[in-house]
Amino acid sequence: MMRKIIGIAFFSLFLTASVFCEIRYIEIGSSNISSILINDIDDFEAIINEYGIRIGFISKDKETYGFLDYPKGENKTVYVMVNSVYFSFKMNGYSTLSDYKIGKEKNFKNGADYYQALNKGINSSEIYYYYINNHFHSVDDSKNAYKNGFKDSDTYYEAVKAGYAKFSEYEEYLDYTQSGFRNKSDWQTAKTKGFYSGPEYYTAVENGFLNYKEFDSARKIGLTTNEDYQEFNNIVSNIEKIMNDRNLNKKNAVIYYYIQNIPKGEMGLSALSSTLVLNHNTQKSDFKKAINFWCRDIKNNDAKNRKDVGARNQDNSVEFIFSQSSLSEFFSSVDISSLGTYNSKTEIFIRKKQSK
């Protein structure tokens, strides 16, 4: 039985949902009603329908903390009576059972959120929580941002400032600008050539490189222009061709290549060595370093065989290859008939006239 009821106020609310249609709510100021608490709205609905209940009592909830009574705002409990037994249901901030069902179906956390959303013209819990968890200037901004895939308000306003309405477009903009590209067109062109860094792409273009692979290969050997890189590749290709065609090791093929490029004439071994070294040293610094780098294994292997650690650590591979001792070994082991003649007694090399 319901005990003493204080300050009873009557009001009629007809629910929009047909489930609770024609239920009349009676609001009570406070109550000490012994009841069976129902936790699920569908179960409470089943009781109402089964027994044809048309009247419910609503009281505001209170919870006690120590000696203080701390009211929980507008949270209420609904009571209905069936054969002198009261059943109750916590409204979780909702005013009616119909609102509770609608709010639950739309995944609102409580009635307060549901009603605040309606007051702001928001019907979706996703947009509502998206709105309150960010710092949008207006509800319309939050709806527009949500629709266009933005994760937060800061990103949305940054995109709007940059002139982008969709997150996908702004994300793309961030991708290429943060990678150092000046515009989308350059970024798209660069990707087709293997570049993903704007500074690298522009450096490569300015120096004549056509793709990232060649640019990176050149960079690894210290070359900064495509012209030098192509010249370097041409020299390496010719040396490798000599190795294959004449069955020479790399060291002798390098000597052979450079001797065939000197003009007709006669010179001693010392002069020949100086001429080859001079021709090498008159090249641009970066190019000279690249050739030295490519030839380093020749010198290192030779020094290793002689157990000369100091020679392996020096950075003058080509000068080592063009030394008098290396040239003497070359002339004693390589057929140079197409280059000229060499007299081992006088140490004179005669370069014959180059064929056109």
Side-chain angles (χ1 to χ4, degrees), residues 134-135 141 144-244 250 253-254 257-258 261 279-300 313-319 321:
N134 282 284
H135 303 89
D141 282 354
N144 191 49
Y146 187 84
K147 178 181 68 176
N148 287 295
F150 289 93
K151 298 177 181 179
D152 57 72
S153 53
D154 291 343
T155 304
Y156 170 73
Y157 289 116
E158 288 170 1
V160 170
K161 185 177 180 180
Y164 293 92
K166 295 182 178 180
F167 177 71
S168 58
E169 295 175 349
Y170 182 61
E171 186 178 35
E172 187 178 67
Y173 163 78
L174 290 179
D175 191 5
Y176 69 75
T177 55
Q178 290 177 357
S179 296
F181 289 96
R182 297 166 189 164
N183 52 62
K184 183 177 179 180
S185 178
D186 286 352
W187 173 61
Q188 291 175 327
T189 300
K191 285 197 300 180
T192 66
K193 298 180 178 182
F195 291 94
Y196 292 93
S197 164
E200 288 183 345
Y201 170 70
Y202 295 118
T203 298
V205 170
E206 288 168 6
N207 288 284
F209 290 98
L210 301 178
N211 56 66
Y212 177 79
K213 184 178 180 180
E214 291 187 351
F215 169 74
D216 189 53
S217 296
R219 181 171 55 178
K220 286 177 179 176
I221 56 176
L223 296 178
T224 57
T225 70
N226 187 46
E227 182 181 358
D228 286 348
Y229 180 65
Q230 296 305 327
E231 184 180 350
F232 169 82
N233 281 339
N234 183 57
I235 292 174
V236 169
S237 296
N238 284 326
I239 292 172
E240 290 176 341
K241 186 175 187 304
I242 292 171
M243 292 172 65
N244 293 327
K250 187 172 179 179
V254 170
Y257 172 79
Y258 279 95
N261 288 312
N279 289 344
H280 171 66
N281 287 337
T282 54
Q283 299 176 109
K284 289 185 291 185
S285 176
D286 288 348
F287 192 82
K288 184 173 68 174
K289 288 179 181 179
I291 296 295
N292 271 326
F293 181 80
W294 187 74
C295 292
R296 73 194 185 285
D297 59 322
I298 300 173
K299 179 185 174 184
N300 289 343
N313 293 330
Q314 295 173 9
D315 188 24
N316 56 350
S317 302
V318 173
E319 291 184 21
I321 294 170

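Basis for what follows: all heavy atoms, side chains included, without hydrogens, waters or symmetry-related copies.
- Taking every heavy atom of both residues into account, Phe232 and Ala290 meet most closely at CE1-O, 3.6 Å.
- Rounded to the nearest 0.5 Å, atoms CG (Asn226) and CG (Leu210) are 5.5 Å apart.
- Counting only residues at least two apart or in different chains, salt bridge (Lys or Arg N to Asp or Glu O under 4.0 Å) contacts with residues 230-243 comprise Lys241-Asp245.
- Among residues at least two apart or in separate chains, salt bridge (Lys or Arg N to Asp or Glu O under 4.0 Å) pairs with a member in residues 159-176 are Glu172-Lys184.
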Would Glu319 and Asn281 satisfy side chain to side chain contact (heavy atoms under 4.5 Å, CB included), going step by step from the backbone distance to the final call? CA-CA 9 Å; Glu319 291 184 21; Asn281 287 337; 3.4 Å; yes
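- Scanning all heavy atoms of the two residues, the minimum distance from Thr203 to Asn207 falls at O-ND2, 2.7 Å.
- In this view, Asp141 satisfies the salt bridge (charged side-chain N to carboxylate O under 4.0 Å, His left out) rule with no residue, not counting sequence neighbours.
- A distance of 14.5 Å separates OH of Tyr164 from CG of Asn148, quoted to the nearest 0.5 Å.
- Atoms CG and NZ, on Leu223 and Lys289 in that order, are 11.0 Å from each other to the nearest 0.5 Å.
- Among pairs with a residue in residues 198-214, those fulfilling salt bridge (Lys or Arg N to Asp or Glu O under 4.0 Å) read Glu200-Arg219, at least two apart in sequence or across chains.
- Taken from CD1 in Ile235 to CD1 in Ile291, the straight-line distance is 4.5 Å, to the nearest 0.5 Å.
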Let me see the working for Phe215 and Phe209 under ring-ring contact (aromatic ring centres under 6.0 Å, His included), right down to the final yes or no. CA-CA 6 Å; Phe215 169 74; Phe209 290 98; 5.6 Å; yes
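- Smallest separation of non-hydrogen atoms from Tyr196 and Ser179: O-CB, 3.7 Å.
- In this structure, Phe195 and Tyr212 have perpendicular ring planes: the angle between them is above 60°, well past the 30° mark.
- Counting only distance, with no hydrogens or angles, the side chain of Asn234 and the backbone of Gln230 share no donor-acceptor pair below 3.5 Å.
- The side-chain heavy atoms of Tyr229 and Ser217, taken from C-beta on, include a pair separated by under 4.5 Å.
- The shortest non-hydrogen separation linking Val254 to Cys295 is CG2-SG, 4.2 Å.
- Defined by atom type and a distance below 3.5 Å, a donor-acceptor pair is present between the side-chain atoms of Thr155 and Asp152.
- Under a 3.5 Å cut-off, the side chain of Tyr201 and the backbone N or O of Gly194 do not form any donor-acceptor pair.
- Distance CD1/Ile239 to OG/Ser237: 9.5 Å, rounded to 0.5 Å.
- Residues passing the side chain to side chain donor-acceptor pair (under 3.5 Å) test with Asn134: none are found, sequence neighbours excluded.
- Using cut-offs of 30° and 60° for the angle between ring planes, the Phe150 and Tyr170 rings count as tilted.
- Around CD of Glu158, the count of heavy atoms belonging to other residues, nucleotides or ligands within 6.0 Å exceeds 12.
- Proximity of Asn292 to Val318: side-chain heavy atoms (C-beta onward) are separated by under 4.5 Å at one or more points.
- When all heavy atoms of His135 and Tyr157 are compared, the pair lying nearest together is O-CE1, 3.9 Å.
- Checking Tyr202 against Asp186 by side-chain atom types alone, a donor-acceptor pair falls below 3.5 Å.
- Residues Gly180 and Pro199 come closest through the heavy atom pair CA-CD, 4.0 Å.
- A search for salt bridge (charged side-chain N to carboxylate O under 4.0 Å, His left out) contacts involving Lys147 returns nothing, not counting sequence neighbours.
- With a 6.0 Å radius and a threshold of 12 heavy atoms from other residues, nucleotides or ligands, Tyr257 has its OH atom above the threshold.
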